[in-house]
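Below is one structure, written out as structure tokens, with a few remarks after it.
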Amino acid sequence: MPELPGSRSDYLSDLNPEQRAAVVHEGSPLLILAGAGSGKTRVITTKIAYLVRERGVDPESILAVTFTNKAAREMAERARRIEPRAERAVLRTFHSFGAWFLRRNGHLAGLDSNFVIYDDDDSTTLLGTLMEETTRAEAARTAHRIARAKDYFMTPDDPSLAIIDHRPEFRAIYAAYEEKLGRIGNVDFGDLIKKPVELLRNHPEVRDRFRQRFHVVLVDEYQDSNVAQFELLKELCGPETYLCVVGDDDQSIYRFRGAEVRNILDFPDRFPGTEIIRLEKNYRSTEPILAVASSVVDRNLDRLGKTLVSTRGSGKKPTLAFLDDQDAEASFCAELVERSVAGKGGEPKGGAPAKAAYSDWAILYRTNAQSLGFETEFLRRRIPYKVVGSLKFYEREEVKDALALLSFSINPRDEVAFRRVVNKPTRGVGAATLERIVDASAPGGDLAAASRSLAPSLSAKARAGIGAFLKTVEEGSGFLDGGQARTPGGKKAGGLAAGEGLSPFVVHLVVESSLADYHRAQDEIAGTQRIANLQELANAASLYPASREGLAEFLEHIELDRAMESADASDDAVTLITLHNTKGLEFRRVVMTGLEQGVFPRDDKKDEELEEERRLFYVGSTRAMDELYLTTCAARRLYGRTQASVPSLFLDEIADDAIRVVGRKPPSYLSDHDGYASPPAHGSAATGSASPRGGAASADGLWRVGGRLFHDDYGYGSIRSVREGTEGPVVVALFETGREVRFLPRFQSSAFMRVGSDA
DNA sequence: TAGTTTTAAGTTTTT
DNA sequence: CTTAAAACTA
């Protein structure tokens, strides 16, 4: 049957046997365990094309869900390239599918089709109105717990709620939050999954309709799915539905936000008759890189188990560098980059070094805060770089303000939006007035109407302020209801030509309003780009129709696809990126930095969390195609304080002959990890110390007479004498306060440090 | 009500 | 150290 003559390119013959088996498989549920770099996306896109082309499946009956918009776009693009008809398949993220579902069916659950989606910040604000005597930080914590409860598909009356939050009052807070959110008529991220499941359960006719619509359900990155998403799949998949999930349990790194590894580990049990296909051929990395990656993740106990085999064969052995501190780490990375770009590959042997581009390089770190050191050093050396993921366009104050104003104009019950912008710029509507208005309206009532009816009883200042605010909103409303024909003022907005959809509206409400004046003033003072950001927002709106529905759609797009992609992807620059953000990416050369206890792994208290950190190591190291470097520092500045650090536990898990070591291993690295943090140690010999010569020094050469010290309690001082005791060096120091103190460096950690002569 | 000073806290974060 | 929110004062 699949033998179509001539006309098609033989896309199946490009696949390896396992990939092909996964593509042509049908019947039972299928779990594809796809290791890093094993051609997962290729399999899933080819499968869509195959189903349409060879099996005569109607593309509109195929639902493929991913976790990121980027992945969804890439999948759509690649499937379409093989089979143009695949364009009609429903290819969405879980959340955008949920929103799509609720806009059509939400009325059955009392939800207006133009609902606005609240992000975590909005949920926190809403919760703040319910928990009056708590700080915002506490409200944020509770909001997070509620989000987790929804990830686990728990309602406020769920008996297991204590697993999420053991406080007895949590149940009531969660219930109150749900009640208020419902009255306002909006939803949060968790609702986009949870509400469709509930609706499908309560309305069998809707469920059956969907089961008739989608015959094939495909899920990408299944290891990142949460319990609620699993429930959604169960509702969507009837006995006739073909379900295929693709994932890698070793790449599950979002546990902290509800991802449930058990979903993939238990998939064969939950869906009886499941067939498992393993994709273990890695097309990305050389063998030595995979050896390092595997050696760490292999220590995990809870995994399905897979052995990646490189199709690229041998290559350069990964390098582990022991360095002094984060400054040394930054310059180490900078030098690696500079030398490779100049064509002087770092290695004396191994043939002619290939000349690298800046874009071949990625510097990986555990936390965003670590990027700063690299940025400073790269800036100084004029190495082009781009920081991925720190843009946070949607989190900017002016953007959030603009979105709040837009949200309020389609939903005057939106208390969160109202609170945010009613007195911005300051119009004389303070906390007292605001509370009066909110109290005057019924819970979840129309706040614009409440403001209007209360206005006569307010002070002149507050009345004028409310009036100005309402005028702005009403003009916006009129525009939306009147349709495109009634462009406010008839002027060409912000240089945009006519027929720009929603743009003129956004320009009027946001770029030309008093709110914009406020931000324009901020631009003057702080030299920021706020107005430019608002203009960008307005430009993006041109793609949506000038109606309430169009505005809701626009807001949904902003809320669900926050990765405002900067178009500088073609620039030749080093990538600075968190480990989490690298999933799905690949680079020729990768440096994983900060391999220290407390940094990475960040926390070694709980076994399950440690296993997740190991997976993060696996994800990071398998991004590298040709070269992999690991760095670890003897000391690290954190919150302005320098602390001694111990090399990461993961470094112990790599076989000695699997990695090339640069710099000196500290003694503690060889023995135990639970021991004392050693004082600034190993790098000093390698970097060359300029500390004073002569006089007694400790056996390890770190403590010299005359050396400078800093102690949290005693301040600055200098070393008077050093001798070897049974517990290591014994140092006597005279501090500036005149105090003379004797101590054992071994028992000192954060409170005490050497002051480098380079400092 | 609005601006200033003090104090507290600090992961990762596809949606 | 750096940032953001709470507390405080004009």
Side-chain angles (χ1 to χ4, degrees), chain A residues 65-74 92-99 117-121 123-124 128 133-141 144 147-148 150-151 187-194 220-221 223-226 228-229 251-259 326 364-373 376 388-390 392 394-395 397 423-434 459 461-462 465 556-563 577-585 594 598-603 609 612-613 615-617 619-620 636-643:
Chain A
V65 284
T66 63
F67 281 85
T68 66
N69 289 286
K70 197 175 156 204
R73 278 191 294 267
E74 189 189 346
R92 285 175 174 265
T93 66
F94 262 110
H95 293 268
S96 105
F97 173 79
I117 301 161
Y118 274 179
D119 65 10
D120 296 348
D121 198 53
S123 295
T124 301
E133 294 303 304
T134 41
T135 64
R136 190 176 169 83
E138 181 56 31
R141 245 189 304 277
H144 182 253
R148 283 300 75 72
K150 290 190 178 186
D151 288 343
V187 300
D188 60 22
F189 278 123
D191 286 339
L192 293 177
I193 311 297
K194 185 166 163 279
D220 188 24
E221 303 279 13
Q223 75 284 347
D224 289 329
S225 61
N226 61 35
Q229 286 158 345
Q251 292 189 65
S252 175
I253 54 173
Y254 285 106
R255 186 187 134 90
F256 65 91
R257 54 189 296 167
Q326 61 209 336
L364 278 45
Y365 37 79
R366 182 68 228 283
T367 64
N368 279 314
Q370 286 167 255
S371 78
L372 195 69
T376 315
V388 175
S390 64
K392 293 179 182 167
Y394 57 90
E395 275 179 20
E397 185 187 351
N423 195 34
K424 204 165 189 174
T426 51
R427 305 181 168 94
V429 184
T433 312
L434 206 161
S459 70
K461 201 163 73 168
E556 175 184 318
H557 175 83
I558 295 287
E559 213 58 66
L560 294 186
D561 191 4
R562 300 170 138 193
I577 190 168
T578 62
L579 286 155
H580 280 88
N581 264 324
T582 61
K583 186 134 58 125
L585 304 178
V599 177
F600 185 35
R602 204 188 126 62
D603 193 317
E609 287 180 3
E612 178 132 326
E613 298 273 320
R615 295 193 287 264
L616 200 51
F617 181 96
V619 168
R636 183 167 291 273
R637 256 191 328 275
L638 194 63
Y639 310 139
R641 190 149 290 192
T642 301
Q643 292 200 335

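Chain naming here is simple, since letters A, B, ... match the order of the sequence lines and numbering starts at 1 in each. These numbers were taken from a predicted model, which means no experiment stands behind them.
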Aromatic-base stack, A/F256 on B/dT12, cutoff 5.5 Å, angle under 30: yes
Over how many whole Å does the gap from A/Q643 atom CD to B/dG10 atom C1' extend? 13 Å
Of the nucleotides B/dT1, B/dT12, B/dT15, which one has an atom closest to the side chain of A/H95? B/dT15
Contacts under 3.5 Å, N or O only, protein and nucleotides 6-10 of chain C:
unit_1, atom_1, unit_2, atom_2, d
C/dA6, OP1, A/R136, N, 2.7

Any donor-acceptor N/O pair under 3.5 Å between B/dT12 base and A/R257 side chain: no
Of the options B/dT15, B/dT1, B/dT14, whose atoms approach the side-chain atoms of A/T433 most closely? B/dT1
Classify the ring geometry of A/H580 against A/F256: parallel below 30°, tilted from 30° to 60°, perpendicular beyond 60°. perpendicular
Where each residue is assigned the nucleotide of DNA chain B containing its nearest heavy atom, which of A/N423 and A/I253 is assigned the position nearer the 5′ end? A/N423
According to a 3.5 Å limit on both distances, what stems of 3 or more consecutive Watson-Crick or G-U pairs are formed with DNA chain B? B:1-10 with C:1-10
Identify, with sequence neighbours excluded, every residue that meets side-chain hydrogen bond (donor to acceptor under 3.5 Å, both in side chains) alongside A/T66. none
Could you work out which one of B/dT12, B/dT11, B/dA2 sits closest to the side chain of A/H580? B/dT12
May I ask you to say what A/Y254 touches in the nucleic acid, namely base, sugar-phosphate or nothing, with a heavy-atom cut-off under 4.0 Å? base
Checking B/dT14, B/dT12, B/dT11 against the side chain of A/T578 (C-beta onward), the nearest is B/dT12
Rounded to the nearest angstrom, tell me the gap between atom CD1 in A/I193 and atom P in B/dT15. 12 Å
Among B/dT13, B/dT11, B/dT1, the nucleotide that comes nearest once only the side chain of A/T367 is considered: B/dT11
With a non-hydrogen cut-off below 4.0 angstrom, is A/A71 in contact with a base, only sugar-phosphate, or nothing? nothing
Select one nucleotide: of B/dT15, B/dT13, B/dT1, the one nearest the side-chain heavy atoms of A/K461. B/dT1
For A/R73, is there an ion pair with A/D561 - N to carboxylate O distance below 4.0 angstrom? yes
Of the nucleotides B/dT13, B/dT12, B/dT1, which has the atom closest to the A/R366 side chain? B/dT12
